[in-house]
Participant: 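Dumping the structure here so I can ask a few things about it.
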Amino acid sequence: MPDLHAHLPDAALALSARLQALIRDEIHATPGRAIPFYRFMELALYTPGLGYYSAGMAKFGAEGDFVTAPELGTLFAGAVAEALAPVLRQLGADAQFVEIGGGSGRFAEHAIRRLVALDTLPARYAILEPSADLRERQRDHLQRVLPAEAFARVAWLDGPLQEPWRGVLFANEVIDALPTPRFTIRDGEVFEEHVTVDADGAFAITDRPADALLAAAVRHVERQLDTPFAEGYRSELLPQLPYWIQAVIGGLDAGAMLFVDYGHARRDYYRPERRDGTLRAFSRHRVGSDVLARPGLQDLTASVDFTALAEAGTGAGFDFAGYCNQASFLLGNGIDRLLVDLEAEAGDEAARYRLRQEVKQLTHPDAMGERFQVMGFARDVDLDHAFLAGDLSHRL
């Protein structure tokens with residue numbers, strides 16, 4: 001397999017070397033000289049100044065490592081705004097919009113513009129972004145492209161809103177980047193994947209007996225699947241997801257949550273033939289299987305178990321509002337109407353072609369249309385209208 005990082009400058013490689021040294025030091029200081037994989041993933045992605053999402057390299061778009069839906073244009077954010085605008089109307093003038101992980105800031109830009117057009121701009125558009133580098137990029141971008149009165153309502157949060165609040169919580173491609181435990185089955189028992197350092201100083205995988213939380217979560221999944229995992233089966237499982245949901249909603253009294261990510265319902269996620277899970281690395285729009293290579297220089301990601309997300313959302317006291325693929329969600333929330341309007345405003349045929357290609361990328365089954373799923377939850381508001389097309393809740 002080619003080296004996904006051969007193109008990187010010496011400065012980036014030096015940052016990775018510093019991060020590798022930090023991870024090795026933590027491994028050597030840990031009893032047993034091994035850390036759980038989720039801790040390795042946390043350090044690789046989020047170590048301040050060194051982790052993938054914390055250092056200064058471009059991540060999003062053609063010049064980065066991957067393209068997210070908001071990077072394609074205005075239509076994704078516009079359709080999401082169409083879905084959430086009725087909720088903001090129900091909540092009234094004090095409603096807030098909280099976006100988790102703001103990326104490049106382009107989702108916020110286009111969502112705010114559409115909410116202004118729909119006369120539903122919330123009292124505050126807050127971005128919960130742990131990366132200081134991305135915060136500054138988002139701030140610079142939004143200040144440059146938004147009208148002053150709209151930008152004045154944008155704020156960045158240091159943590160979830162702990163005081164009581166009303167509004168909507170939105171996350172696009174966030175859960176896939178949560179540091180996830182990895183488990184395997186050995187002699188019928190649950191083991192957890194750890195990372196150690198081999199004799200040559202390289203990172204290597206080793207397995208240790210799972211703790212009670214992970215072991216119980218694996219057995220819970222097996223009961224739902226009606227069959228135990230086979231010997232040697234290896235995958236991801238995020239028992240911390242309910243706690244993460246509870247944490248990010250903070251004091252949300254009334255409102256909605258909307259999540260977009262790639263993943264599967266549980267029975268599809270844990271198919272017998274998917275014996276090594278879904279974990280992978282991304283660099284320069286290519287997928288790599290060596291997730292231990294050059295930490296800080298590649299994205300690490302695992303697909304989302306949407307059944308687990310449904311359990312976590314309802315366990316947090318929300319009503320389940322719906323589940324469908326991205327194509328059905330966008331079509332059900334007016335992306336076709338938005339396309340017609342934008343085509344009418346386009347200056348030439350080339351611009352209209354780009355808009356049609358954007359819709360194709362967002363909705364075609366071989367692109368993002370079926371790989372990405374959308375799930376919503378509501379508390380004291382109605383969000384069912386957002387899931388009138390292509391309901392997949394029977395798969396959960």
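The residues of the chain are indexed from 1 along the displayed sequence.
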Participant: Go through the steps to decide whether Gln326 and Thr363 satisfy the test side chain to side chain donor-acceptor pair (under 3.5 Å), and finish with yes or no.
Facilitator: CA-CA 7 Å; Gln326 180 172 288; Thr363 62; over 6 Å; no

Participant: Can you name the closest pair of heavy atoms from Ser328 and Gly390 and give their distance?
Facilitator: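 Shortest heavy-atom separation between Ser328 and Gly390 comes out as OG-CA, 3.6 Å.
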
Participant: Not counting sequence neighbours, which residues clear salt bridge (Lys or Arg N to Asp or Glu O under 4.0 Å) with Arg395? List them please.
Facilitator: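 With sequence neighbours excluded, Arg395 shows a salt bridge (Lys or Arg N to Asp or Glu O under 4.0 Å) to no residue whatsoever.
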
Participant: Go through the steps to decide whether Glu343 and Arg356 satisfy the test side chain to side chain contact (heavy atoms under 4.5 Å, CB included), and finish with yes or no.
Facilitator: CA-CA 9 Å; Glu343 281 188 316; Arg356 292 191 290 269; 2.9 Å; yes

Participant: In terms of hydrophobic clusters joined by side-chain contacts under 4.5 Å, are Leu72 and Leu339 together?
Facilitator: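 Both belong to a single hydrophobic cluster.
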
Participant: Do Val260 and Val248 sit in one hydrophobic cluster, given that two such residues count as connected whenever their side-chain heavy atoms are within less than 4.5 Å of each other, even indirectly?
Facilitator: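 Val260 and Val248: separate clusters.
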
Participant: Could you check, using the six-membered ring where one of them is a Trp, whether Phe40 and Phe203 have ring centers closer than 6.0 angstrom?
Facilitator: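 Yes, close enough.
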
Participant: First locate atom CG of Leu178, then atom CD of Glu42, and finally report the distance between them rounded to the nearest 0.5 Å.
Facilitator: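 So the CG of Leu178 and the CD of Glu42 are separated by 10.5 Å.
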
Participant: For Ala256 and Val87, work out which heavy atoms get closest and say how close.
Facilitator: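 Shortest heavy-atom separation between Ala256 and Val87 comes out as CB-CG1, 4.1 Å.
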
Participant: Which residues pass the ring-ring contact (aromatic ring centres under 6.0 Å, His included) test with Phe76, sequence neighbours left out?
Facilitator: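 Not a single residue meets the ring-ring contact (aromatic ring centres under 6.0 Å, His included) criterion with Phe76.
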
Participant: To the nearest 0.5 Å, tell me how far Leu161 CG sits from Leu128 CG.
Facilitator: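 One finds 8.0 Å between CG of Leu161 and CG of Leu128.
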
Participant: Mind checking the OG-OH spacing from Ser283 to Tyr52? Nearest 0.5 Å is all I need.
Facilitator: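 Going from OG on Ser283 over to OH on Tyr52, the span is 7.0 Å.
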
Participant: Got more than 12 heavy atoms from elsewhere within 6.0 Å of CZ, Arg18?
Facilitator: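 Not buried by this count: 12 neighbours or fewer within 6.0 Å.
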
Participant: Atom CG in Leu309, atom CD1 in Ile175: separation rounded to 0.5 Å?
Facilitator: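 Reported to 0.5 Å precision, the distance equals 4.5 Å.
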
Participant: Apply salt bridge (charged side-chain N to carboxylate O under 4.0 Å, His left out) to Arg352 and Glu349, showing your working.
Facilitator: CA-CA 5 Å; Arg352 288 187 284 274; Glu349 183 55 35; 3.1 Å; yes

Participant: Might you work through the side chain to side chain contact (heavy atoms under 4.5 Å, CB included) test for Leu13 and Leu297, ending with a clear yes or no?
Facilitator: CA-CA 8 Å; Leu13 297 175; Leu297 301 185; 3.7 Å; yes

Participant: Testing the basics here: between Asp253 and Pro164, what is the closest heavy-atom pair and its distance to 0.1 Å?
Facilitator: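 Here Asp253 and Pro164 meet closest at OD2-CB, 3.2 Å.
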
Participant: In the hydrophobic clustering that connects Ile, Leu, Val, Met, Phe, Trp and Tyr at side-chain heavy-atom distances below 4.5 Å, which members other than Leu388 occupy its cluster, ordered by chain and number?
Facilitator: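 Via sub-4.5 Å side-chain contacts, Leu388 links to none.
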
Participant: In the single-linkage hydrophobic clustering (I, L, V, M, F, W, Y; side-chain heavy atoms under 4.5 Å), do Leu258 and Met375 co-cluster?
Facilitator: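 Leu258 does not cluster with Met375.
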
Participant: Parallel, tilted or perpendicular: which describes the rings of Tyr233 and Tyr270, with under 30° parallel and over 60° perpendicular?
Facilitator: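 It falls in the tilted class, 30° to 60°.
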
Participant: Between Arg266 and Gln224, is the side chain to side chain donor-acceptor pair (under 3.5 Å) condition met? List the steps.
Facilitator: CA-CA 9 Å; Arg266 178 165 288 159; Gln224 286 205 336; 2.5 Å; yes

Participant: Do Val374 and Met368 land in one hydrophobic cluster if side-chain heavy atoms of ILVMFWY residues count as linked below 4.5 Å?
Facilitator: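 Yes, same cluster.
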
Participant: Side chain to side chain donor-acceptor pair (under 3.5 Å), that's the test. Do Thr301 and Asp176 meet it? Break it down for me.
Facilitator: CA-CA 5 Å; Thr301 179; Asp176 66 83; 2.8 Å; yes

Participant: Under 3.5 Å, is there a donor-acceptor pair between the Asp133 and Ser131 side chains?
Facilitator: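 Not at all, the side chains of Asp133 and Ser131 share no donor-acceptor pair under 3.5 Å.
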
Participant: First locate atom CG of Asn333, then atom CG of Leu84, and finally report the distance between them rounded to the nearest 0.5 Å.
Facilitator: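 If we round to the nearest 0.5 Å, Asn333:CG and Leu84:CG are 8.5 Å apart.
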
Participant: Rounded to the nearest 0.5 Å, what separation is found between the CZ atom of Arg182 and the CG atom of Leu238?
Facilitator: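 Reported value, rounded in 0.5 Å steps: 13.0 Å.
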
Participant: Membership question, hydrophobic clusters at under 4.5 Å side-chain separation (ILVMFWY): are Val340 and Tyr353 in the same one?
Facilitator: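 Per the 4.5 Å side-chain linkage, Tyr353 and Val340 are not co-clustered.
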
Participant: Taking Gln90 for the side chain and Asp382 for the main chain, is one N or O donor matched with an acceptor at less than 3.5 Å?
Facilitator: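 A pair under 3.5 Å: yes.
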
Participant: Ignoring hydrogens, what is the shortest heavy-atom contact between Val291 and Leu300? Give both atom names and the distance.
Facilitator: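 Taking Val291 first and Leu300 second, the nearest heavy atoms are O-CD2, 3.5 Å.
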
Participant: Do the rings of Phe229 and Phe183 sit parallel, tilted or perpendicular, given the 30° and 60° boundaries?
Facilitator: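 Ring orientation of Phe229 relative to Phe183: tilted.
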
Participant: Any donor-acceptor pair under 3.5 Å linking the side chain of Asp348 with the backbone of Ala350?
Facilitator: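 Yes, because the side chain of Asp348 sits within donor-acceptor range (under 3.5 Å) of the backbone of Ala350.
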
Participant: Can any side-chain N or O of Asp198 pair as donor or acceptor with the backbone N or O of Ala204 at less than 3.5 Å?
Facilitator: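 Here the side-chain-to-backbone pair does not exist.
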
Participant: With no hydrogens and no angle check, just 3.5 Å: does a side-chain donor-acceptor pair link Ser303 and Arg280?
Facilitator: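 There is such a pair between these side chains.
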
Participant: Parallel under 30°, tilted from 30 to 60°, perpendicular over 60°: which one fits the rings of Phe107 and Phe97?
Facilitator: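 Phe107 and Phe97: tilted rings.
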
Participant: Distance-only, no hydrogens or angles: does the Ser54 side chain make a donor-acceptor pair with backbone N or O of Gly49 under 3.5 Å?
Facilitator: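 Not at all, since once roles are kept as given, no pair shorter than 3.5 Å links the two residues.
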
Participant: Which heavy atom in Gln246 sits nearest to a heavy atom in Gly315, and how many Å separate them?
Facilitator: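 Scanning both residues completely, I find the closest heavy atoms to be NE2-O, 3.9 Å.
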
Participant: Would you confirm whether Gln298, through its side chain, and Gly288, through its main-chain N or O, come within 3.5 Å as a donor-acceptor pair?
Facilitator: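 No, because the side chain of Gln298 does not come within donor-acceptor range (under 3.5 Å) of the backbone of Gly288.
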
Participant: Kindly say whether Pro181 contributes a backbone atom to a donor-acceptor pair with the side chain of Glu192 at under 3.5 angstrom?
Facilitator: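 Checked: no pair found.
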
Participant: If the test is side chain to side chain donor-acceptor pair (under 3.5 Å), which one of Glu71, Glu109, His141 qualifies with Ser104?
Facilitator: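 Result for side chain to side chain donor-acceptor pair (under 3.5 Å) with Ser104: Glu71.
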
Participant: Specify the closest pair of heavy atoms between Pro70 and Arg106, including all atoms of both residues, with the distance to one decimal.
Facilitator: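 Looking at all heavy atoms of both residues, the shortest contact is O-CB, 4.0 Å.
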
Participant: With no hydrogens and no angle check, just 3.5 Å: does a side-chain donor-acceptor pair link Glu26 and Thr30?
Facilitator: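 There is no such pair (donor and acceptor under 3.5 Å, judged by atom type) between the side chains of Glu26 and Thr30.
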
Participant: Would you check, one step at a time, whether the test side chain to side chain contact (heavy atoms under 4.5 Å, CB included) holds for Leu146 with Arg113?
Facilitator: CA-CA 8 Å; Leu146 289 178; Arg113 289 186 185 279; 4.3 Å; yes

Participant: When you look at Glu236 and Tyr269, which way does the side chain to side chain donor-acceptor pair (under 3.5 Å) test go after all the steps?
Facilitator: CA-CA 10 Å; Glu236 308 82 33; Tyr269 195 113; 2.6 Å; yes

Participant: Just by distance, no angles: are the side chains of Thr227 and Glu222 close enough, under 3.5 Å, to form a donor-acceptor pair?
Facilitator: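 Side-chain D/A pair, Thr227 to Glu222: absent.
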
Participant: Is the terminal nitrogen or CZ of Arg153 (NZ for Lys, CZ for Arg) located under 6.0 angstrom from the six-membered ring centre of Tyr125 and within 45° of that ring's axis?
Facilitator: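 No, cation not above the ring by the 6.0 Å, 45° rule.
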
Participant: Can you tell if the side chain of Met257 reaches within under 4.5 Å of the side chain of Ile245, non-hydrogen atoms only?
Facilitator: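 Result yes, sub-4.5 Å side-chain heavy-atom pair found.
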
Participant: Decide yes or no for Phe170 and Asn172: does some side-chain heavy atom of the first lie under 4.5 Å from some side-chain heavy atom of the second?
Facilitator: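 Side-chain contact under 4.5 Å: yes.
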
Participant: Knowing that exactly one of Tyr323, Phe329, Phe377 qualifies, which makes a ring-ring contact (aromatic ring centres under 6.0 Å, His included) with Phe387?
Facilitator: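 That would be Phe329; it is the only one of Tyr323, Phe329, Phe377 passing the ring-ring contact (aromatic ring centres under 6.0 Å, His included) with Phe387.
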
Participant: I'd like to know if the side chain of Arg234 reaches the main chain of Ile185, judged simply by a donor and an acceptor atom lying under 3.5 Å from each other, with no hydrogens or angles considered.
Facilitator: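 No, Arg234 side chain to Ile185 backbone: no donor-acceptor pair under 3.5 Å.
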
Participant: Give a yes or no answer on whether the side chain of Glu82 reaches the backbone of Leu115 with a donor-acceptor pair at less than 3.5 Å.
Facilitator: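 Side chain of Glu82 to backbone of Leu115: no pair is present.
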
Participant: Determine whether a donor-acceptor pair (N or O, by modelled atom type, separation under 3.5 Å) exists between the side chain of Arg33 and the backbone of Ala29.
Facilitator: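 Such a contact is absent between Arg33 side chain and Ala29 backbone.
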
Participant: Assess the residue pair Tyr53 and Thr47 against the criterion (side chain to side chain contact (heavy atoms under 4.5 Å, CB included)); give the C-alpha distance rounded to whole Å, side-chain angles, the decisive distance to 0.1 Å, and a yes or no.
Facilitator: CA-CA 8 Å; Tyr53 284 109; Thr47 297; over 6 Å; no

